[in-house]
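Every chain is numbered from 1, with letters handed out A, B, ... down the list of sequences.
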Amino acid sequence: MNTQLCDHADEAVAGIEDGSTVLVGGFGMAGMPVDLIDALIRQGAKDLTVVSNNAGNGDTGLAALLAKGRVRKVICSFPRQADSWVFDELYRAGRIELEVVPQGNLAERMRAAGAGIGAFFCPTGVGTLLTEGKETREIDGRTYVLEYPIRGDVALIGAHRADRMGNLVYRKTARNFGPVMATAATTVIAQVREIVETGEIDPETVVTPGIYVDRVVKEAATA
Amino acid sequence: MNTQLCDHADEAVAGIEDGSTVLVGGFGMAGMPVDLIDALIRQGAKDLTVVSNNAGNGDTGLAALLAKGRVRKVICSFPRQADSWVFDELYRAGRIELEVVPQGNLAERMRAAGAGIGAFFCPTGVGTLLTEGKETREIDGRTYVLEYPIRGDVALIGAHRADRMGNLVYRKTARNFGPVMATAATTVIAQVREIVETGEIDPETVVTPGIYVDRVVKEAATA
Amino acid sequence: MNATSRAMSDQGPLNGRGPLSKNDMAALVARDIPQGAFVNLGIGQPTLVADHLPADSGVVLHTENGMLNMGPAAKEGELDPDLTNAGKIPVTELPGAAYFHHADSFAMMRGGHLDICVMGAFQVSATGDLANWHTGAPDAIPAVGGAMDLAIGAKKVYVMMTLFTKAGAPKLVPECTYPLTGLRCVDRVYTDLAVFDVTPQGLRVTQTFGTTLDELADRLDVPLLPAEA
Amino acid sequence: MNATSRAMSDQGPLNGRGPLSKNDMAALVARDIPQGAFVNLGIGQPTLVADHLPADSGVVLHTENGMLNMGPAAKEGELDPDLTNAGKIPVTELPGAAYFHHADSFAMMRGGHLDICVMGAFQVSATGDLANWHTGAPDAIPAVGGAMDLAIGAKKVYVMMTLFTKAGAPKLVPECTYPLTGLRCVDRVYTDLAVFDVTPQGLRVTQTFGTTLDELADRLDVPLLPAEA
């Protein structure tokens with residue numbers, strides 16, 4: 001189905017259901033889909049599982065979603081930061097679940113979901129707390145842990161530019177998790193700074209082809 | 001170690017040892033590193049295992065390498081073509097081994113080698129001749145086959161343009177197997193049409209970063 | 001992304017006609033491809049489907065050698081050795097195209113992102129098993145290409161084939177005798193004589209061309225269900 | 001690619017000096033990084049190493065959030081919110097840079113393509129086990145980031161740390177008491193008092209600063225081997 005161009009972030013996040021697993025792009029603020037998170041807060045879906053590298057910074061964006069009590073569980077690599085007080089308080093109060101996943105496994109498990117891989121043997125975290133209880137196997141003299149895909153019902157990602165077919169390009173290290181998350185969710189929603197005519201993005205430079213992108217909305221700040 | 005810029009394809013393929021596994025890029029002629037294969041023929045390494053999508057066309061390139069009796073085994077997805085007579089004759093005479101791998105598994109198994117994945121459960125080929133005897137597992141109601149990495153001692157790939165640090169860009173569907181093979185071999189040798197100064201390739205468009213590329217040589221036809 | 005399914009109730013102008021030509025079959029498949037679908041057309045006969053897609057179909061063609069939004073075959077003067085389809089035929093690029101490497105291309109297929117693939121076949125079984133890569137002949141050189149990946153990867157797998165071999169043997173069979181490409185992967189079979197949906201209840205004949213359900217039932221060794229009212 | 005190893009026989013100007021400052025340690029690490037190596041510098045103290053790499057070193061810095069050929073921290077006026085290092089500090093781009101997504105970045109690490117990573121540590125064991133992500137305190141919020149991936153991925157893992165905690169407890173220990181980051185993954189430990197190579201024979205002291213092998217052997221609960229002649 002062709003990518004839907006939305007006039008507003010509220011239109012872009014319509015229909016996200018309670019209990020959804022939501023992949024949220026960004027590494028710190030780079031690539032963070034701030035407008036979409038704000039729209040999700042207005043939209044009201046609750047009991048969410050959020051998959052993201054961090055667990056919110058300051059009082060806005062993901063932190064604000066957490067503060068509203070909409071998130072049941074966070075799957076991330078690095079929740080604890082200087083300004084992660086919203087998450088910290090919820091966690092210490094036992095009001096939010098946490099699954100810590102090594103950053104590369106977080107990316108690779110989402111890649112597996114998008115690539116139709118059922119599970120994979122990974123050397124990361126062998127012998128550590130984070131792989132306790134997981135199946136292991138020795139292959140060619142090295143020990144690996146079996147890791148399973150992480151799938152999203154929805155992905156919210158930030159990109160730099162889209163064309164009208166939903167082809168996306170990113171900018172510098174804001175690329176980070178966006179391209180992987182775009183492959184791993186049933187409904188993929190991208191906020192971008194600019195929407196150009198189809199044909200204006202060089203086909204050699206497309207990072208996320210439109211096949212992965214369901215809805216696109218232009219950032220409010222630049223609208 | 002910095003990428004080595006070679007003056008001639010013979011210099012680029014120096015040191016390839018008998019018994020090596022050689023990954024050869026290209027899909028048909030698109031992306032085929034013809035100069036490097038010709039140089040490998042002159043270089044003389046034998047008892048090779050060649051991993052490539054096809055098993056040679058006509059009488060040149062890979063077919064010529066096969067005709068010289070240098071190749072012990074071919075691992076590929078599609079040996080049989082209208083002009084694969086060199087391979088066909090060797091195969092029918094029992095003078096070459098063949099491992100047929102579904103095209104996506106060929107790519108994914110090399111990706112796994114480059115990405116440090118020990119093995120992966122893949123749905124392709126379940127219940128077919130090509131996965132007979134392989135370990136299977138049901139995950140979430142679907143059957144998968146366990147597939148192992150394919151590593152190369154050497155990769156010979158064709159790209160469009162390199163900078164002096166070995167960053168590569170490809171052109172159109174000639175990209176095909178090059179980027180994956182570049183991650184999966186100990187020594188990666190690229191032939192390109194053009195070598196530009198470092199800084200002249202937009203960092204957003206690099207497909208194979210120089211970290212993967214050991215030697216670069218400019219195509220003879222365009223030298 | 002999920003393609004919205006076009007209604008099958010309109011049986012179209014071909015219904016009741018004699019056996020279909022390859023071009024008629026291609027037109028029939030093209031008519032059933034939903035607006036905006038992402039589609040892979042196999043090497044050979046399925047390639048013809050592209051010629052019958054309306055200009056405003058919004059259908060995006062994937063080629064497994066690393067491209068979305070592939071255009072028609074290249075004409076004289078447009079030939080570019082760097083731009084071919086999976087059959088190594090020179091093709092063209094449409095606006096909005098994207099290139100990617102082989103691992104990404106097959107991840108796209110295997111991950112279930114393509115709406116439809118259309119493939120040829122030697123045999124299809126009553127339960128949707130597909131045999132299309134290997135005749136099983138002892139002197140045949142096996143070559144699979146991307147067929148197994150496509151068979152298990154696309155959301156819908158459509159087969160285009162004649163219903164009988166030149167020797168008159170049925171190609172829709174109780175069980176495939178040729179080596180399999182994929183298990184229970186075919187959703188619909190377009191043939192010169194009829195269209196069959198593979199359903200949990202069995203093979204359903206949704207259209208016939210110059211023949212009848214009863215005649216087909218006589219000639220095929222598989223149970224057939226009539227089209228739904 | 002394999003980085004050629006620079007000879008360790010030259011013990012350098014720091015040998016025999018008193019305890020090293022963080023900057024001295026960073027200089028020492030920088031001196032041991034071979035020409036043209038691909039290197040990941042961990043968050044915090046290891047970042048200082050970049051300041052001590054000679055301009056002509058050809059060393060290429062990787063940051064796990066998707067970049068090779070990262071430049072120095074951005075100055076006032078150069079800040080770009082789209083360009084940060086793994087510590088989320090604004091950085092710059094050098095000629096020949098490349099950007100890639102997270103799965104590709106960690107495939108690069110896990111696949112053994114980086115020559116060296118330099119990390120901080122809470123503890124390193126005599127066999128090279130690394131503990132640097134979690135104090136194990138019951139109220140601590142665990143956060144691992146990319147540490148486990150780096151620990152098992154880079155060809156060589158160098159640790160930079162003080163040899164003792166502020167309370168005087170050794171950080172080079174028979175077995176880590178803090179939760180592990182990786183097993184047998186550390187190759188060399190740079191400390192303020194000495195440099196230790198983790199070898200199959202045990203920990204080898206290759207340099208000391210303001211102390212002696214005997215003094216170290218007294219204060220540490222691990223067997224120590226002398227530098228090779």
Can you tell me if B/Glu17 has over 12 outside heavy atoms packed within less than 6.0 Å of its CD?
no
Is there any residue in residues 126-137 of chain B with a non-hydrogen atom under 4.5 Å from a non-hydrogen atom of chain A, and which ones are they?
B/Glu135, B/Arg137
Side chain, backbone, both or neither: which part of B/Glu108 has a non-hydrogen atom closer than 4.5 Å to chain A?
side chain
Can a donor-acceptor pair be found, under 3.5 Å and without considering hydrogens, that links the side chain of B/Glu204 to the backbone of A/Lys172?
yes
Spacing of B/Ile139 atom CD1 and A/Tyr148 atom OH [to the nearest 0.5 Å]:
5.0 Å
Ranking B/Ala119, B/Pro203, B/Gly104 by heavy-atom pairs under 4.5 Å to chain A gives rank one to B/Ala119
CZ/B/Arg164: more than 12 non-hydrogen atoms of other groups inside 6.0 Å
no
A/Arg175, part contacting chain B, at a heavy-atom distance under 4.5 Å:
side chain
Name the one of A/Tyr144, A/Phe121, A/Phe120 that satisfies side-chain contact (heavy atoms from CB on, under 4.5 Å) with B/Ile117?
A/Phe120
Closest contact, heavy atoms only, B/Pro123 versus A/Gly116:
CD-O, 3.1 Å
Chain B heavy atoms under 4.5 Å from A/Tyr170: which part of the residue, side chain, backbone, both or neither?
backbone
